[in-house]
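Let me begin by presenting the structure, written as structure tokens, before commenting on it.
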There are 2 protein chains.
Amino acid sequence: MQNISEKILDVATKGFALAGYDGTSLSAIAKEVGIKKPSLLYHYPSKEQLRSAVLNRVFEHWNDELPRILKLATSGEDRFNGLLNEIVRFFVTDPNRARLVMREMLDRPDHLSASMEDYLGPYITILSDYIQKGVERGEVRKDVQPRAYVLHVIQMVVGGVATASSIGATSIEDHVSEIVRIARSSLFVDTPQFQKTELSEEKNNG
Amino acid sequence: MQNISEKILDVATKGFALAGYDGTSLSAIAKEVGIKKPSLLYHYPSKEQLRSAVLNRVFEHWNDELPRILKLATSGEDRFNGLLNEIVRFFVTDPNRARLVMREMLDRPDHLSASMEDYLGPYITILSDYIQKGVERGEVRKDVQPRAYVLHVIQMVVGGVATASSIGATSIEDHVSEIVRIARSSLFVDTPQFQKTELSEEKNNG
DNA sequence: CCTACCGATCGGTAGG
DNA sequence: CCTACCGATCGGTAGG
């Protein structure tokens with residue numbers, strides 16, 4: 001049994017993701033939590049502050065996870081697989097995270113730009129540098145624009161998961177496996193043998 | 001000077017794209033058009049019908065344009081360039097079109113899925129068949145999943161343009177040129193010499 | 001194309 | 001954590 005503040009965050013995340021911020025009333029959130037609106041406003045003093053709390057929780061995951069993955073990985077190939085697998089896993093596990101981020105990009109582009117810079121900025125720079133080194137080593141295509149590439153791959157995963165249900169996607173696993181293929185084959189000079197992602201291994205073992 | 005129904009559509013498109021359907025009131029739309037709310041409701045009898053009219057206008061463009069492009073193009077390479085250039089041009093010309101489609105995917109996934117099937121379904125199938133033929137000719141990578149590939153490229157353009165302002169994108173032209181590179185290099189077996197898109201040619205000439 | 005109005009719902013507060 | 005209430009705004013209608 002989780003505490004009420006966390007339960008409010010869970011319910012609000014689902015509501016904001018599926019119906020949007022304007023489309024989700026505080027009364028509706030409170031009702032699903034099992035309390036009344038004024039009680040909810042004791043935990044989060046305004047709807048805007050609830051919105052921030054919901055979004056920050058999504059971003060904080062990456063603050064914990066990104067350094068761990070980057071330390072584990074050694075080769076460029078390892079890093080690519082580790083990072084992309086974790087990004088895919090995170091959003092496929094709960095597609096509402098992807099919908100939430102996508103809506104926030106549309107609703108408050110400037111605010112989200114600042115949050116991304118705070119939470120992900122340093123890592124995007126590190127990744128861009130890795131890619132640049134890959135170019136020098138001859139492993140990565142020369143015409144890659146490192147920073148734009150990283151942003152587009154993130155966008156492709158988030159957007160692909162968020163909109164999978166609006167596009168007659170057969171299965172979410174097949175759908176994202178093509179994203180992984182596109183990302184890999186447009187990055188490396190010579191596409192390696194097809195290598196299973198952790199996700200598809202889990203699927204085959206399960 | 002356009003007629004009032006069209007002006008309402010223009011203003012509503014901008015509003016729905018930037019602030020969302022729930023975030024744009026009929027009074028606000030009417031005010032910007034220069035009339036009052038009841039007058040607006042004479043042209044579009046409900047907010048939902050205005051929403052449909054706005055969305056249909058975006059889709060109808062493709063009903064006119066897609067057959068034209070497919071007829072013009074002869075080689076697979078031509079078709080790829082022609083189509084991708086037109087998709088990019090359409091959404092970069094007015095990014096609100098991209099934001100609108102993205103929001104609709106999130107707000108009403110089932111409804112948009114049906115609209116996409118109606119307007120684009122046949123063409124997506126045709127494109128998938130072309131890609132399959134390219135595989136047989138040895139021009140296209142064997143591990144491409146044709147239908148998923150097409151959907152992801154569309155999604156990458158729409159999502160990339162819609163969220164360009166939320167991502168510290170330097171210039172929209174550089175941003176989309178990396179999308180074109182990713183799409184091309186992940187499709188063809190042997191990436192051709194870098195070939196300018198019509199968009200970047202216009203930029204260089206202008 | 002307008003004024004005037006409807007019930008419903010919104011985010012938030014008072015006060016306990 | 002609640003009941004009771006606030007002004008503002010929503011989509012939509014009546015009637016001209």
Side-chain angles (χ1 to χ4, degrees), chain A residues 1-58 96 99-100 103-104 106-108 110-112 115, chain B residues 1-58 96 99-100 103-104 106-108 110-112 115:
Chain A
M1 184 83 157
Q2 55 187 341
N3 68 45
I4 301 242
S5 288
E6 279 172 16
K7 180 153 189 186
I8 292 172
L9 277 189
D10 287 348
V11 173
T13 299
K14 207 201 300 190
F16 293 165
L18 293 175
Y21 179 77
D22 289 327
T24 310
S25 69
L26 293 178
S27 333
I29 296 170
K31 189 171 189 175
E32 193 167 327
V33 172
I35 59 179
K36 303 285 179 167
K37 184 176 56 173
S39 310
L40 189 157
L41 285 164
Y42 166 79
H43 294 276
Y44 299 94
S46 75
K47 198 185 182 185
E48 275 299 333
Q49 288 178 57
L50 175 57
R51 172 182 226 162
S52 294
V54 163
L55 195 68
N56 284 339
R57 196 173 58 158
V58 171
N96 284 334
R99 297 186 187 111
L100 187 85
R103 283 192 190 273
E104 207 66 19
L106 294 165
D107 285 350
R108 303 193 299 179
D110 293 345
H111 184 272
L112 197 95
S115 292
Chain B
M1 185 80 158
Q2 55 186 341
N3 69 44
I4 301 244
S5 288
E6 280 172 16
K7 180 155 189 186
I8 292 172
L9 277 188
D10 287 348
V11 172
T13 299
K14 206 200 301 192
F16 293 164
L18 293 174
Y21 179 78
D22 289 327
T24 309
S25 69
L26 292 179
S27 332
I29 296 170
K31 189 171 189 177
E32 194 167 328
V33 172
I35 57 177
K36 303 284 181 170
K37 185 175 57 172
S39 310
L40 189 157
L41 285 163
Y42 166 77
H43 295 275
Y44 299 93
S46 73
K47 198 185 182 185
E48 275 299 333
Q49 289 180 57
L50 176 56
R51 173 184 225 161
S52 295
V54 163
L55 195 67
N56 283 340
R57 195 174 56 159
V58 171
N96 283 335
R99 298 185 186 110
L100 187 86
R103 283 192 189 272
E104 207 66 20
L106 294 164
D107 284 350
R108 305 193 297 179
D110 292 346
H111 184 271
L112 197 94
S115 292

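Residue numbering restarts at 1 for every chain, and letters A, B, ... go by the order of the sequence lines. The structure presented is a predicted model; accordingly, all values stated were derived computationally and were not measured.
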Which distance, rounded to the nearest 0.5 Å, do you find between the CG of B:Leu55 and the CG of B:Leu50?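 So the CG of B:Leu55 and the CG of B:Leu50 are separated by 11.0 Å.
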How long is the line joining [atom1] of [X] and [atom2] of [N], in whole Å?
X	N	atom1	atom2	answer
B:Lys36	C:dT3	NZ	P	5 Å
B:Gln49	D:dG12	CD	C1'	12 Å
A:Ile29	C:dG12	CD1	P	11 Å
B:Tyr42	D:dT13	OH	P	15 Å
B:Leu41	C:dC2	CG	C1'	13 Å
A:Leu40	D:dC2	CG	P	10 Å
B:Ile35	C:dC2	CD1	P	7 Å
B:His43	C:dC1	NE2	C1'	8 Å

More than 12 foreign heavy atoms under 6.0 Å from NZ of A:Lys36: is that the case here?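 At most 12 heavy atoms, drawn from other residues, nucleotides or ligands, come within 6.0 Å of this atom.
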Lys/Arg N to Asp/Glu carboxylate O, A:Arg99 vs B:Asp107, below 4.0 Å: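 No, this pair does not count.
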Taking A:Arg57 first and then A:Asp10, would you say they form a salt bridge - that is, a charged N and a carboxylate O separated by under 4.0 Å?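 Counted as a salt bridge, because a side-chain N and a carboxylate O are separated by less than 4.0 Å.
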Taking Watson-Crick and G-U wobble pairs with both distances under 3.5 Å, convert DNA chain D into its dot-bracket string, 5' to 3', dots for unpaired and | for cross-strand pairs. ||||||||||||||||
Looking at every strand, decide which applies to B:Leu50 at a 4.0 Å heavy-atom threshold: base, sugar-phosphate, or nothing.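 Nothing: the residue B:Leu50, judged by heavy atoms under 4.0 Å, touches no strand.
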Nearest heavy-atom pair of [X] and [Y]: which atoms, and what distance?
X	Y	result
B:Leu18	B:Arg103	O-NH2, 3.1 Å
A:Asp22	B:Ala19	OD2-O, 4.1 Å
B:Leu40	B:Ala30	CD1-N, 3.7 Å

Spell out, as yes or no, whether a donor-acceptor pair under 3.5 Å connects the side chain of B:Ser39 to the backbone of B:Ile35.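 Judged by distance alone, no pair lies under 3.5 Å.
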Nucleotide-resolved protein contact map, nucleotides 4-10 of chain D, B/S/- at heavy-atom distance under 4.0 Å: B-----S
Using the ring-ring contact (aromatic ring centres under 6.0 Å, His included) rule, collect all pairs that involve residues 16-38 of chain B, keeping only residues at least two apart or in two chains.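 Sorted pair list: B:Phe16-B:Tyr21.
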